[in-house]
Amino acid sequence: MVKEYKPGEIEPKWQAKWEADGLYNADINENKKKFYALTMLPYPSGDLHIGHWYAMAPSDARARFKRMQGYNVLFPMGFDAFGLPAENAAISRGIHPQEWTFDNIDRMRVQLRSMGAMIDWRREAVSADPSYYKWTQWFFIQFFNNDLAYRKRSPVDWCPQCNTTLAREQVHGDDRHCERCGTQVIKKDLEQWFFKTTKYADELIDFSQIDWPDRVRTLQTNWVGRSEGADVYFKTEEGAELTVFTTRPDTLWGATFMVLAPEHPLVDAVTTAEQREAVRNYQQEAAGKTEIQRAAADKEKTGVFTGGYAINPVNEARIPIWIADYVMMGYGYGAIMAVPAHDERDFAFARQFGLEIIPVIQPEGENFDGETMAEAYVGPGMMINSAQFNGTQVTDDKGRKNPGLAKVIDWLEAEELGKEAISYKLRDWLISRQRYWGAPIPMVHCAECGWNPVPEEDLPVLLPKDVEWLPTGESPLKLHPTWKETTCPVCGEPGVRETDTMDTFMCSSWYHLRYLSPEYSDGPFDPREYDYWMPVDVYTGGIEHANMHLIYTRFFHKALRDLGITEGHEPMLQLRNQGMVLGEDGEKMSKSRGNVVSPDDLVNQYGADTVRGYLMFFARWDLGGPWNSQGIAGTERWLNRVWNLFTEESEEGEVSPDLIKSVKQTLHAALDRVTRDYERFEFNTIISTLMELLNTLYDAWREGAGNHPEWPGILETYLLMMAPAVPHIAEELWTEVLGKPYSVHNQQWPEVDPELLVKDEITLIIQVNGKLRDRIDVPADISEEEAEKTALTSPGAAPFLEGE
RNA sequence: GGGGCGGUGGCGGAAUUGGCAGACGCAGGGGACUUAAAAUCCCCCGGGUUAAACCGUGUGGGUUCGAGUCCCACCCGCCCUACCA
């Protein structure tokens with residue numbers, strides 16, 4: 001009955017059967033524990049990439065493992081279908097974005113099916129579908145009605161290539177480039193829609209309820225950038241209020257000048273006639289160069305004196321006001337008190353322009369002199385030159401945890417000169433995009449009534465199909481002759497639609513909810529499904545979204561919770577990130593480099609199971625690494641050998657009970673390890689353990705173990721252990737070769753027999769002074785004295801024991 | 001400047017968390033089978049030695065009977081972030 005292993009035949013066969021049987025349909029079942037395994041949905045950019053497989057296939061294997069453990073597992077899939085590449089294709093190739101997108105989705109669905117994943121396709125959701133974006137718009141309106149969305153004019157990042165604004169998170173690198181096209185962004189002053197993500201800043205850095213990687217927690221914590229300190233109310237000499245934020249209120253007495261961001265609104269007022277020209281020039285220079293050079297790392301400090309003065313509220317000192325581009329309008333108040341003695345940047349600035357330096361913190365054994373200090377002192381010490389606070393000790397701690405700081409803050413509050421304050425780097429989320437292929441922002445502007453949301457019964461606000469594509473890349477929505485004309489939902493007079501669309505991260509912030517009930521029309525999701533499936537138990541995907549999608553979706557959930565739409569504080573309990581598959585040359589895969597590995601070709605050549613197995617095996621999943629096209633042969637050989645072991649006639653011979661026992665011990669040790677490794681996302685050692693175990697089984701089989709009555713049971717357990725990783729071959733061998741009832745994927749994950757984990761013989765490792773001298777097999781229940789005696793008399797160790 | 005991750009054979013990587021370093025696989029070498037090749041199977045595969053000793057997990061110290069693993073100091077690579085007051 002020797003059949004050849006032909007993945008090209010068995011894989012499509014089982015995929016079709018599983019689908020026809022609805023094997024992986026996940027329905028509410030109150031008698032079973034649910035498990036929501038979510039993997040990040042792809043953007044339909046063309047073909048499925050090996051990176052998609054790398055992310056999804058091991059996630060699928062783990063979801064299957066959970067299913068075999070008895071969970072009711074939901075493993076859905078969908079498409080993040082709005083976005084700029086579709087529009088670029090439209091401009092360059094004259095294809096409508098919708099056509100381009102949905103054609104790609106059709107192709108990717110086929111490719112995804114070839115993976116043999118346990119996707120419940122009934123739950124597929126596509127964000128560009130009107131039945132989906134209706135609810136994206138609905139969420140916008142909920143936010144607007146509850147003071148979480150607002151419109152504001154502000155300087156925003158603008159990509160001249162993509163012709164749109166970007167969220168702060170989408171601007172990368174030293175040179176402030178657009179994350180998509182790499183073009184340097186410029187600042188534009190525009191009226192845009194924002195979400196109040198900052199309202200949740202503190203909650204977003206609280207990870208106490210979720211099991212997320214340290215790396216992501218750190219990234220998000222840094223991104224939110226919480227600083228504790230105080231606001232201090234300075235005044236200009238003319239009496240205008242000029243508040244600053246500082247983390248070091250203890251150094252207030254050492255403030256010898258003040259620096260405003262060049263764009264600060266008070267600059268004009270404080271600038272004197274003599275300085276006006278210099279200030280203007282500097283402002284223009286700063287605005288022109290913007291971000292690019294302002295961010296340059298080791299840049300020399302530049303700045304201009306305004307001619308104006310501020311009064312330090314703690315000692316009435318009259319200090320000069322400068323403007324300099326090292327102070328950013330976007331953080332704090334865009335104004336700082338400069339304490340050159342205790343801040344490196346202020347120190348550099350003071351030395352550059354010959355400004356006064358007054359030390360106010362002194363560690364023991366030091367005697368600072370502002371004239372001669374070589375660098376700013378930022379450590380702890382005792383307050384000096386600080387009036388009634390002289391002698392107060394300040395530590396390294398931040399905020400009120402630092403007793404010295406707390407004392408100063410209390411005093412500032414008592415005297416009404418300032419107050420405790422917390423500042424964040426996190427900005428509100430800018431969601432307006434000047435693009436066509438996105439969910440229209442469902443707002444109407446009326447000269448009388450201002451901005452108002454489209455009534456719920458008029459949702460969705462549909463994208464018009466008949467649009468013209470201009471090579472300038474300007475949004476065709478804005479240029480459409482009639483689309484924006486409507487009536488004001490409040491007064492009924494003519495109104496104008498918002499022609500901007502929403503950032504696609506808005507769509508992906510809630511797709512895990514749409515999966516629950518993609519057909520549901522009474523709300524964004526069916527509450528019954530929500531109650532059963534949410535929260536997501538494990539979320540897998542790339543780490544590149546740490547400061548974007550993964551912050552947005554947490555914000556979204558918390559905001560919806562406060563609106564009574566969702567429950568619980570977090571959408572995803574556990575997060576695990578895979579690494580990246582690089583090209584064979586060690587570089588990032590790209591068409592231009594010609595180092596792209598196509599999963600379709602690999603599936604044609606080796607079959608999906610081999611590709612899945614190799615993706616789990618070839619690197620640590622969380623690290624990834626360069627593709628090695630030779631290495632896949634090892635996985636191919638493994639599956640061939642598995643096939644042969646199951647299909648070849650047994651060798652002649654009797655086998656000893658000892659051998660069978662030792663095989664079973666190896667089997668259960670492997671089972672123990674594979675079970676543990678699935679829990680830990682350590683996929684590479686799952687495959688290597690299975691390979692190792694196969695080698696053991698083959699050796700035993702050659703000695704005649706195949707004739708032993710326990711042999712079939714051993715093979716069954718081996719198949720069950722393989723099933724999550726390589727589902728097709730496991731099914732074929734289970735159903736067709738072993739003749740067991742369909743389906744292997746409905747079987748229980750085997751239990752480890754603890755008795756088989758106990759070895760009856762162990763190898764005694766004999767070390768003398770830490771060096772290996774001998775190894776002797778002894779019974780596992782050997783007594784301590786016996787072991788000691790064996791060790792001391794061992795032939796290997798004896799020569800090294802002389803003279804001890 | 002700040003933060004994170006990492007450094008183990010020719011390569012990807014193991015090492016049950018302080019106890020046999022290099023599992024498993026790739027590549028390589030040798031052999032069997034074959035007219036031949038492929039496939040398959042067997043053996044070898046860190047350095048060193050006839051064999052041992054000995055050396056060996058980025059470097060230098062330390063703790064320990066014993067360190068890839070813990071502590072201190074440093075070097076290198078990659079990624080993120082950045083004049084954040």
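Here the structure is a predicted model, which means the values were calculated and not measured. Lettering of chains follows the sequences in order, A, B, ..., and the numbering in each one begins at 1.
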Establish, from distance only, whether the side-chain atoms of [X] and [Y] form a donor-acceptor pair under 3.5 Å.
X: A:N628; Y: A:Y614; answer: no
X: A:N644; Y: A:Y698; answer: no
X: A:Y5; Y: A:T647; answer: no

Does anything in residues 613-625 of chain A pair up under salt bridge (charged side-chain N to carboxylate O under 4.0 Å, His left out), and if so which pairs, sequence neighbours excluded? A:R620-A:D622
Considering Watson-Crick and G-U wobble pairs with both distances under 3.5 Å, what does [N] pair with?
N: B:rG13; value: none
N: B:rC78; value: B:rG4
N: B:rA23; value: none
N: B:rU59; value: B:rA73
N: B:rC45; value: none

So [X], base contact, sugar-phosphate only, or nothing? Heavy-atom distance under 4.0 Å.
X: A:D672; value: nothing
X: A:F617; value: base
X: A:G579; value: nothing
X: A:N222; value: sugar-phosphate
X: A:R427; value: nothing

Could you tell me how far apart [X] ([atom1]) and [N] ([atom2]) are, to the nearest whole angstrom?
X: A:Y606; N: B:rA39; atom1: OH; atom2: P; result: 11 Å
X: A:Y5; N: B:rA39; atom1: OH; atom2: P; result: 18 Å
X: A:L623; N: B:rC5; atom1: CG; atom2: C1'; result: 8 Å
X: A:F347; N: B:rA85; atom1: CZ; atom2: P; result: 19 Å
X: A:I543; N: B:rG6; atom1: CD1; atom2: P; result: 11 Å
X: A:E344; N: B:rA85; atom1: CD; atom2: P; result: 12 Å
X: A:L582; N: B:rG12; atom1: CG; atom2: C1'; result: 13 Å
X: A:L693; N: B:rA23; atom1: CG; atom2: P; result: 17 Å

Using the side-chain heavy atoms of A:A619, tell me which of these nucleotides is nearest: B:rG25, B:rG12, B:rA85.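 Nearest to the side-chain atoms of A:A619, counting from C-beta on, is B:rG12.
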Looking only at non-hydrogen atoms, find the nearest pair between A:R612 and A:P724 and report the distance. NH2-O, 3.1 Å
Report yes if at least one side-chain N or O of A:R620 is closer than 4.0 Å to OP1 or OP2 of B:rC24; otherwise report no.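 Answer is no, no contact under 4.0 Å.
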Whole-Å P distance, B:rG47 and B:rG22: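 These two P atoms come out 14 Å apart once rounded.
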